[in-house]
Number of protein chains: 2
Amino acid sequence: MNLSLGPRGFSQEISADADVGKRRVVIEGVVPEIDDGRFPIKRIVGDTVQLEADIFADGHDELSAVLLYRHSAEDEWTEVPMQMLVNDRWRGGFPVLCLGTYLYTFMAWVNEFITWRRDLEKKVAAGLDVAVELLMGAELLMQSCRRAGGEEAAFLDGWATILRDESLSQSTRVDLAMADRLGLLASKWQDRRSAASYPKDLRVTVDRDKARYGTWYELFPRSCSQEPGWHGTLKDCENHLEYVASMGFDVLYLPPIHPIGSTNRKGRNNAPVARSDDPGSPWAIGGEAGGHKSIEPRLGDLDDFRSLLATAHGHGMEIAMDLSIQCSPDHPWVKEHPEWFRWRPDGTIQFAENPPKKYQDIYPVDFGTDRWPELWEELRSVVLFWIEQGVRMFRVDNPHTKPFGFWEWLIGDIKGRFPEVIFLSEAFTRPKIMYRLAKLGFTQSYTYFAWRNTKWELTEYFRELNETAVHEYFRPNLWPNTPDILTGYMQVGGRPAFMIRLVLAATLSPSYGIYGPAFELCENVAKEPGSEEYLNSEKYEIKNWDLESAHSLKDFITQVNQVRKDNKALQMDGNVRFHPIDNELLLCYSKQSRDRSNVILVIANLDYVYVQSGWVNLPLEFLGIDPLEPYELCDLMDGSCYIWHGPRNYVELNPHVAPAHIFRLPANPRG
Amino acid sequence: MNLSLGPRGFSQEISADADVGKRRVVIEGVVPEIDDGRFPIKRIVGDTVQLEADIFADGHDELSAVLLYRHSAEDEWTEVPMQMLVNDRWRGGFPVLCLGTYLYTFMAWVNEFITWRRDLEKKVAAGLDVAVELLMGAELLMQSCRRAGGEEAAFLDGWATILRDESLSQSTRVDLAMADRLGLLASKWQDRRSAASYPKDLRVTVDRDKARYGTWYELFPRSCSQEPGWHGTLKDCENHLEYVASMGFDVLYLPPIHPIGSTNRKGRNNAPVARSDDPGSPWAIGGEAGGHKSIEPRLGDLDDFRSLLATAHGHGMEIAMDLSIQCSPDHPWVKEHPEWFRWRPDGTIQFAENPPKKYQDIYPVDFGTDRWPELWEELRSVVLFWIEQGVRMFRVDNPHTKPFGFWEWLIGDIKGRFPEVIFLSEAFTRPKIMYRLAKLGFTQSYTYFAWRNTKWELTEYFRELNETAVHEYFRPNLWPNTPDILTGYMQVGGRPAFMIRLVLAATLSPSYGIYGPAFELCENVAKEPGSEEYLNSEKYEIKNWDLESAHSLKDFITQVNQVRKDNKALQMDGNVRFHPIDNELLLCYSKQSRDRSNVILVIANLDYVYVQSGWVNLPLEFLGIDPLEPYELCDLMDGSCYIWHGPRNYVELNPHVAPAHIFRLPANPRG
């Protein structure tokens with residue numbers, strides 16, 4: 001007999017599974033599920049994963065559905081009952097208490113006892129005789145009884161006897177059949193041989209809190225010397241930590257600290273020929289002193305680095321290491337592994353380029369090499385080396401120019417051993433590639449934030465990041481500036497522009513960072529018109545920053561970071577919601593903590609020149625505000641408080657005084 | 001060496017596939033693709049399947065992508081180049097010329113030659129020396145040459161020589177490198193060992209045109225006698241075909257024509273006890289004269305049925321057979337296969353019920369039986385039996401109360417043998433079940449149309465059916481009435497309501513049907529208030545209809561069906577688009593043929609009592625109308641023509657004269 005079940009059906013041989021024809025339940029439309037389960041969603045330790053699915057069968061029978069989950073290190077699944085919401089949509093949830101990977105899936109089946117009970121009620125309501133129905137219920141109980149054991153079996157057996165007992169009235173027996181405990185036990189011991197199992201085990205990557213909420217500061221250690229003109233060291237950097245920590249930063253990201261090549265070294269302002277005292281670009285990695293596992297001798301040695309790590313930890317900070325997979329012509333790999341590079345017909349290696357831009361001091365590694373397995377191994381050993389030194393955060397340079405398969409393997413391998421490691425993707429490229437990298441495993445990602453300046457741009461972009469499936473796997477880390485990026489907005493807008501961009505970065509995402517001290521000192525002179533490069537860029541020379549400048553934004557930054565620390569709504573992701581305000585230069589959005597006890601409302605003036613005013617129109621129900629009662633807003637920056645009534649209220653912001661209100665609203669009683 | 005590539009990665013053993021690390025291209029986001037490829041999309045012979053996918057790699061290299069397709073009966077794939085649209089979105093298409101199943105998938109790879117040529121152009125534009133680049137290009141050509149053969153190899157070899165020829169200037173060689181033929185041949189013979197293959201073969205079910213465009217008429221043959229009070233026969237029905245065909249119908253659907261049981265036979269108006277001359281419900285299938293493979297003796301015999309089929313074909317009509325999987329207590333299966341029924345503790349079989357409704361004359365078949373394989377086989381043999389008689393269309397009664405797996409198997413099996421067979425799903429149940437049945441293989445589906453009467457209801461529902469992925473697998477067949485459904489709108493609205501609902505059904509979907517002659521005679525008396533059952537329902541008695549009644553809508557119906565025949569826009573699916581009109585009782589929508597040569601604009605008055613007027617606001621660009629020029633609309637129902645200017649125009653409709661305009665617009669020049 002040929003009972004084939006279609007090209008994606010079950011088994012072709014009926015004898016192999018006698019229940020195949022009885023499987024009636026469908027489980028589909030699972031949310032969240034990324035690309036058909038190809039990729040995990042991301043969560044933080046302590047989160048509850050909330051799931052929904054469409055679960056239904058033919059006909060009108062009652063169903064039971066459970067969510068099954070386990071940590072990948074456990075063998076046993078934990079079962080959680082799901083609840084039907086409406087229109088065949090079901091919901092369930094489970095807590096993720098450990099780092100690493102959790103798996104989840106679903107199972108559902110026709111609940112014959114509950115179906116019987118529902119039909120019994122209908123018949124009783126229609127005034128019908130239910131003598132036979134009571135016998136059928138007893139038979140269902142006996143079936144459960146035979147699967148149960150001990151006291152539960154005895155209980156079920158007893159109630160089956162009662163349902164059959166004609167010395168009791170039908171109405172008494174019907175009432176007894178409705179008992180909660182009976183329903184639970186009969187359901188518990190339902191026959192699940194015909195249950196539908198969701199065909200996939202979906203995954204959750206569970207990270208530590210810093211993967212979601214972190215306040216980053218980028219710094220060139222060689223500019224940390226107290227002596228103008230001297231090459232700073234890791235020791236100088238260590239002395240600098242207190243300054244950074246005092247502003248409220250908890251991650252210090254260091255550009256590459258490896259030996260810098262001398263061949264084709266770049267001079268100041270990217271000059272093709274360096275002067276003898278030019279330090280070169282830290283991204284031209286590798287020289288006589290070693291490669292990716294070595295430290296530039298002028299910065300110090302591994303002991304200095306470990307000391308820096310320890311002191312940073314003492315300040316409540318972590319060090320994020322740079323991972324740039326590229327070499328100076330003097331990198332040891334060039335000699336030891338010429339097969340890892342792409343040789344041209346003239347016997348040279350093509351330096352990195354993006355015509356007309358040239359990076360003569362940098363050789364790309366050739367991932368197309370036939371010896372890619374050894375190359376991959378070596379790169380993993382680099383990451384493991386720094387993990388051994390105590391590093392747990394990596395900021396990965398240009399991951400989008402290396403194969404996706406490499407990242408999936410590398411990050412999967414490392415996080416399999418050290419689930420606390422955080423990888424930040426520094427990719428500025430096309431959207432699908434940005435998102436792919438996040439799906440493949442990057443913990444956090446750089447974004448287009450730096451170039452989103454208008455209300456429309458910000459709203460569209462942050463809706464995409466917050467209100468679509470993107471927020472399940474892509475954790476934005478917002479940078480108003482980097483050593484490569486000084487946007488036109490900041491070049492032109494001066495100090496108010498820096499303040500606006502800081503508030504936006506710090507409140508639109510729980511993770512953000514600045515490249516300092518250029519940022520707090522409002523360094524905004526471009527190399528040339530139309531360029532986003534700094535004039536006298538720190539990438540090519542040692543800077544001596546005036547940290548005590550009266551113009552420094554450090555107090556403002558300190559205050560913003562304190563507001564972030566005090567308000568857990570600002571430490572959550574996926575919770576930005578925009579609200580109408582009738583001025584194209586004003587932006588209004590709120591963030592609420594999961595339990596809604598903390599509600600933040602930000603209103604920012606995007607105009608760095610003029611005072612702007614307008615009327616907000618708040619969704620009071622969403623914010624948990626009684627539309628008939630007055631409510632108080634307190635500006636967490638200047639401490640001023642306002643009493644508002646109803647949804648429409650007037651706001652006025654002077655960018656030269658304060659570019660934004662960061663209001664705290666009353667706790668949302670819906671929490 | 002352990003280079004595992006994550007839980008869904010490639011091979012764990014590197015040695016098994018030396019190119020795994022070089023696979024750089026991603027193919028994802030395929031549209032259309034139903035439930036991750038679990039189900040096929042549906043098309044009609046002669047259609048072109050248009051596909052899009054996100055295709056990208058790391059870095060900035062140029063890619064090539066192809067769509068691969070084949071009929072399931074062929075072994076060879078046909079390759080079609082895809083075009084990049086924007087933002088890593090690619091498009092391709094292929095024609096489906098045969099009935100049955102087509103498979104499609106994708107392949108993409110880095111095109112090194114085109115990448116090289118692009119970079120060469122950039123360098124030339126930047127004024128750089130490209131001597132080495134030309135050598136590299138020659139090397140790429142030689143690689144292609146080694147894979148090519150014959151003349152193409154010679155051609156590539158020759159051009160490689162030219163690129164290396166230093167007696168020619170660089171600029172001459174660069175120009176030569178840009179030749180189209182060179183690009184095509186070099187691309188054709190690219191190394192595809194590192195190409196990405198889409199991991200799934202997706203499917204298209206290709207049906208004949210009637211699966212999309214059909215005009216259905218439902219008729220009880222037993223009411224076809226010319227003699228009032230007599231039981232009509234299939235011969236009488238045959239004489240009736242000309243009447244039906246003259247109105248423009250091309251599918252005649254017959255309620256079950258099998259023997260009707262006598263046990264618990266229903267009397268008129270669903271009376272629990274029948275009188276001796278009551279014919280019973282045709283859905284109480286099976287009696288002494290046989291079951292699902294027999295014909296009710298009072299209707300005639302198999303010869304009469306085959307004669308009916310032949311005459312129908314002569315009128316350009318097909319017969320759609322009913323498939324109701326249920327039995328009267330007298331059905332032979334009850335005795336021969338008691339194991340296919342669910343027995344109660346008192347030794348009875350539970351009749352069908354939906355408390356308080358009871359169907360004492362019908363036993364459901366128990367798909368939960370352990371002997372389901374035999375049951376499935378028998379049901380397939382029923383379908384095959386009628387196919388043998390010449391039937392190619394089945395209207396399936398209540399498929400939602402039978403297991404999904406059964407339908408997927410049955411329809412897959414039947415269409416594997418007879419791909420021209422059409423199955424219409426008569427399911428009125430929750431939306432996810434309706435859609436699941438369509439995905440599993442039903443060619444067409446009944447809908448909620450009968451209960452969608454307001455502008456909002458119609459707009460929401462038909463947007464879902466036309467503008468979402470639903471239209472890829474769910475082909476609506478709209479019925480304003482059926483023997484079970486006389487909606488409140490039609491009970492109250494009288495003749496204008498019948499006309500409105502007919503125009504909507506006939507123009508909102510290429511397939512629609514009516515239950516006649518009840519429909520054309522505007523039969524609208526319900527059994528009782530709040531019921532959708534007809535008083536003196538034809539389900540339980542023989543009717544004698546006055547087909548020549550002066551009130552009959554037959555001329556109106558004939559005209560509407562002629563408009564459908566003359567306008568291919570009305571024969572297409574998925575092409576309804578709604579347009580604004582400033583009156584909640586007026587509905588405006590357009591349909592365009594694929595080539596846009598035929599553009600239909602419908603404006604309907606949903607109010608069956610009052611004249612309604614309003615201003616439409618047409619999307620002129622979408623309709624291909626020059627906003628600065630006047631344009632002519634001709635009403636295909638009354639032949640009147642109007643000259644309109646611009647998007648806003650006035651419309652007024654009197655439901656007692658004509659409930660709707662069906663305008664033909666000028667051909668869309670964008671076609």
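Each chain gets a letter, A, B and so on, in the order the sequences are listed, and its residues count up from 1. The shown structure was predicted, so the numbers you read here are calculated from the model rather than taken from an experiment. The basis for the numbers below is simple: all heavy atoms, side chains too, and nothing from hydrogens, waters or symmetry mates.
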Under 4.5 Å from any heavy atom of chain A, what part of B/Thr101 do you find: side chain, backbone, both or neither? neither

Under 4.5 Å to a heavy atom of chain B? For A/Glu139 that would be neither

Out of A/Gly412, A/Ala57, A/Ser194, A/Pro40, return the one with the most heavy atom pairs under 4.5 angstrom to chain B. A/Ala57

Which region of B/Glu112, side chain (C-beta onward) or backbone (N, CA, C, O), has a non-hydrogen atom less than 4.5 Å from a non-hydrogen atom of chain A, or is it both or neither? side chain

Residue, of A/Arg436, A/Gln350, A/His60, that accumulates the most heavy atom pairs under 4.5 Å with chain B: A/Arg436

At a 4.5 Å cut-off on heavy atoms, which part of A/Arg342 comes close to chain B: side chain, backbone, both, or neither? side chain

Can you give me the closest heavy-atom contact between A/Thr429 and A/Tyr448, atom names plus distance? O-OH, 2.5 Å

Got a salt bridge between B/Arg24 and B/Asp58, using NZ or NE/NH1/NH2 to carboxylate O under 4.0 Å? yes

With rounding to the nearest 0.5 angstrom, report the OG1 to CD1 distance, A/Thr205 to A/Ile411. 10.0 Å

With a 4.5 Å cut-off on heavy-atom pairs, point out which of B/Arg344, B/Lys122, B/Glu28, B/Met136 contacts chain A the most. B/Arg344

When only pairs under 4.5 Å are counted, which of B/Arg89, B/Glu133, B/His400, B/Lys432 shares the most heavy-atom pairs with chain A? B/Lys432

I'd like to verify something: which residue of A/Asp88, A/Leu135, A/Val25 has the highest number of heavy-atom pairs under 4.5 Å with chain B? A/Asp88

Please check if the side chain of A/Trp116 supplies one atom and the backbone of A/Leu140 the other of a donor-acceptor pair under 3.5 Å. no

Salt bridge check, A/Glu378 against A/Arg371: does any charged N sit closer than 4.0 Å to a carboxylate O? no

Name the region of B/Ala138, side chain, backbone, both or neither, that has any atom closer than 4.5 Å to a heavy atom of chain A. neither

Chain B contact via A/Glu33 - side chain, backbone, both or neither, heavy atoms under 4.5 Å: neither

With a 4.5 angstrom heavy-atom cut-off, is it the side chain or the backbone of A/Leu440 that approaches chain B, or both, or neither? neither

Of the backbone (N, CA, C, O) and the side chain (C-beta and beyond), which part of B/Leu128 lies under 4.5 Å from a heavy atom of chain A, both, or neither? side chain

B/Lys123/B/Asp119 ion pair, N-O < 4.0 Å: no

Do A/Glu464 and A/Tyr435 meet the criterion of a side-chain donor-acceptor pair at a distance under 3.5 Å? yes

Can you tell me which of A/Phe404, A/Phe367, A/Phe39 forms the most heavy-atom pairs within a distance under 4.5 Å of chain B? A/Phe404

With a 4.5 Å cut-off on heavy-atom pairs, point out which of B/Ala427, B/Pro403, B/Ala126 contacts chain A the most. B/Pro403

A/Glu377 with A/Arg380: basic N within carboxylate O range, under 4.0 Å: yes

Would you mind checking which part of A/Lys357 comes under 4.5 Å of any heavy atom in chain B, side chain (CB onward), backbone (N, CA, C, O), both or neither? neither

Would you please classify the geometry between the A/Trp376 ring and the A/Trp409 ring as parallel, tilted or perpendicular, with 30° and 60° separating the classes? tilted

Strictly below 4.0 Å, N to O, side chains only: are A/Lys200 and A/Asp36 in salt-bridge contact? yes

